[in-house]
Each structure stands twice: as C-alpha cells, then as structure tokens.
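Working notes, structure below.
Reminder, nothing fancy here: chain letters follow the sequence lines and each chain counts from 1. All of these numbers come straight from a predicted model, not from anything done at the bench.
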There are 2 protein chains.
Amino acid sequence: MSSRGRPVVTSHADIERAAFRLFAERGFEGTTLDAIAEAVGVGRRTLFRYFDSKNDIPWGQFDRTLDGFRSILAGMPDDLPVWEAVHRGVVEFNRFDPEADPPHRERMELLLRTPALQAHSVLRYADWRQVIAEYVAQRLELRPDGLLPETVSQVSLALALSGYQLWLADEEASLTDLLEEAMSSLREYLELG
Amino acid sequence: MSSRGRPVVTSHADIERAAFRLFAERGFEGTTLDAIAEAVGVGRRTLFRYFDSKNDIPWGQFDRTLDGFRSILAGMPDDLPVWEAVHRGVVEFNRFDPEADPPHRERMELLLRTPALQAHSVLRYADWRQVIAEYVAQRLELRPDGLLPETVSQVSLALALSGYQLWLADEEASLTDLLEEAMSSLREYLELG
DNA sequence: CCACTATTGGCACCGAGTGTCGAAACACGA
DNA sequence: TCGTGTTTCGACACTCGGTGCCAATAGTGG
C-alpha cells in the first residue's frame, strides 16, 4: 500500500534522537534546524515533513498517546467519583516507560525548562485537556465547553505541571507520588479555615 | 533628569493603539511589524525598544500591574483562610477599568484566542504566578518553590483561565461572577464543604 | 556655540517556516 | 527490460521576526 514511490530515508525517531543529542550538547536555542538536518543526513526541508516545527520535535509522537489517555479514562469505573476518576487517569497516563529513549526525564526537562518550549507546549496541552473535558462532560451530562469541564481540565493540567516541576527538581523523586501529593495538597489547601 | 538627549517620538500606548487597530483589521498573524511601524510612523527597529517582541504588544504594560497585585494580597486580612485570600485577590486583580483603551475584552480575546499568544502568554503568567506562590509561602511559612505554593499558583491560573474562557464566550457575562463560579465549581467537583 | 546625552533608524545578518517544482527512487504492469 | 505511476526528497527563493551595530539626529546645559 505505502510501499510504492520513493522510500523514506529517515523517521520521527531518527530525527528525535539526533535532535536530542544536539540539544544536550548546545542547548535547544543553540541548535539550528540546519544542524539537525545535517546530523540526520537529510535536507532541512525534509524535517518539516516529519515535524511541524522545531518546537514539536521534543514532543515526539505525543498525539498518539492521547487515544491511550481516552481509553484509560473510559475504563474508569462509573461508581468512582468523577474527580477521582480523572485524577487516577492522569496519574496512570503519566506512568512512562523507564527504558524510553530519549529518557522521559530528559524530554520533560527540555520541555518544561526551555522558555520557547514552555510557551509552545500549551498548544499541545490543549488536546490533552480536551480529552479530560469530554470525559467530565460525558460523566456529568454537561457540555464539554461548559464551566465545570473547562475548569477541571485546566486544574488537572495545573496539578500535573506542579507535580512535574517538583519531580524535575529532585532526581530521586517519584512522579506518581508527586502527582498524588499535588492533588492532596490542593484538597488540604481548600479545606483550610 | 530624563529630558536630556533626543526626545522620544512615540510611546507604548501609541504603538499599542496602532497595533490593535491593525490586529482588528487583518488579524494578529496577518499584521507584520513593518505595517505597525509604518502606522506608528516609526522605524521597525524602534518597536523593539518599546516591546521585546510582537507577542508582547498585546500585553501592554502588564508588568506594572504586578505590584498592584502584590499590594492587594498583602492587604488581605490574616484571619482569612489562605485559599480565600488568594481567591479574593485574584478576583480583585481582575476588576478592570471599563473605560480602558484598548478595551479589556478586546485585549483578552486577542490574547486567549490567538494560538501564538496563548503560547507566549505562559511566559507572562509566570511572574503573576510567582506573586501568588510568594504570598502563599509567606502566609504558611513555606518555601515559595515548594509543592503547595507551586500548586496553588498553577491552580489559581487555571481557575482564572477557565473563567476568562467562559467570559469571552458570553458577551453579557460578568468576569467577576465567572471567577467566583469557577472556584465554587471546583470545590463542588472535589466534593468539599 | 560647543559638548554631552539619549533616542532613533537604517543596514546587514540570522534562523524559522512556507510554496513550488523538478529530480530521485521505488513498485508494478506491459 | 522498459516505461509508468507514485511518493518522497531536496533545492531554491522568499517572508517574517528578531538582533547587533553604528552613524545620525535632536534635544539639554554650560
């Protein structure tokens, strides 16, 4: 089917590896697309056929994980309170493969500590949030663009981000634990007084 | 003191007005810096002496409002539960001048509906979040970069964003009301008193 | 009238991103 | 074996945002 025509000379994974190596050496801003293209052994123009922008390279194939996220949420028992279902779903979604290459920690460090990527990433988070908003809407029979689904999706992202932030600050920390702690510290915070 | 040297030929407000007019006509992406420079009657190079980037123009003089935000929080009674002090502070901070030019609604519509600005804005939110994290840390005698202050600042932003989102969707809505509703819907969602 | 000073604006340059188009490299059927 | 169709590749030219540099400008004050 797709075996006709000129064969591809590279892949998302190829580019990702070469790019991460350069990012580690010279930093994200210090690495030009020309340098990546050269390292991969491909024309600069070709990079854009695999990734929409330089900012998208560190994200890899993130889109593909969203179906998995949807499944995780859909599989949550209906008798679980919505907030707990969402919370467990988020925690589950962030159980990454410890053998991943590039390592999850390296990827997230790049994404969350590089200003240009911090900024660009909100555009990627949007799809992730949409998954949550739709789940909440479906569970509570609301419109996905209503206040509660929207709020929940934003707050879930907020909790994940602060969990990741602390995780990055501590080499030994467990991401799962920190995501749990973020949620429980929010609950305590709101119960004060 | 500052009256020596060549006098300025424009101002932040000048540029902002000209830019907003063009953004309204041709959209943000469709407006080049050359066009703005020409409309203001100034060299393109000069624009960068007033704003760090094109993305910063819609934000205007946002930095300057942060001191006000700090004062608002500092003025909150100490016997108020922290979460409520922060919440009231956020609501108070978002009481904008209805006569503002450009109008607050137009500005926020641009900022929250233009992808490039949605992305870039997280870099501006960072300072705003820092104000909250520091207040929470001070009130609870914690480090500002600890989990709770970080989480609270992220969640406060999340609540504000979802309030704004719904506000933009409804011409008649009150931002203050929606910020209140965002907080109360979160509390219900988390099944708290 | 002469320094001094701060802003301006032009120029050259870099890097990301896009549109276009011909060429390369394969599979397949004649 | 030789086209033919198909798909990817890569080069080129171009736009736009952003930066470094520097001379010119237009004031103030002695």
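- Using the six-membered ring where Trp is involved, A/His104 and A/Trp167 have ring planes that are tilted, between 30° and 60° apart.
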Reading nucleotides 16-21 of chain D from 5' to 3' and marking B where a protein heavy atom lies under 4.0 Å of the base, S where only the sugar-phosphate is that close, and - otherwise, the string is SBBBBB
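- Remark: C1' of D/dC9 and CG of A/Asp14 are 15 Å apart, rounded to the nearest angstrom.
- Put simply, CG on A/Leu117 is 12 Å from P on C/dA16, counting in whole angstrom units.
- Under 3.5 Å, the side chains of A/Gln130 and A/Glu134 contain a donor-acceptor pair of N or O atoms.
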Sugar-phosphate or base contact per nucleotide [nucleotides 24-30 of chain C; S, B, -; heavy atom under 4.0 Å]
BBBSS--
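- Between B/Trp128 and B/Tyr125, the ring center distance fails the sub-6.0 Å criterion.
- Distance CG (A/Asp56) to P (C/dT18): 10 Å, rounded to an integer number of Å.
- Between B/Phe93 and B/Phe69, the ring-plane angle classifies as tilted under the 30° and 60° cut-offs.
- A/Asn94 and A/Tyr164 share a side-chain donor-acceptor pair at under 3.5 Å.
- In this structure, A/Lys54 satisfies the cation-pi test against A/Phe28, with its NZ or CZ atom closer than 6.0 Å to the six-membered ring centre and inside 45 degrees of the ring normal.
- Look at A/Tyr50 and you'll find a side-chain N or O under 4.0 angstrom from OP1 or OP2 of D/dC9.
- A centroid separation of 6.0 Å or more is found between the aromatic rings of A/Trp59 and A/Phe20.
- Remark: A/Arg88 does not engage A/Glu92 in a salt bridge, criterion side-chain N to carboxylate O under 4.0 Å.
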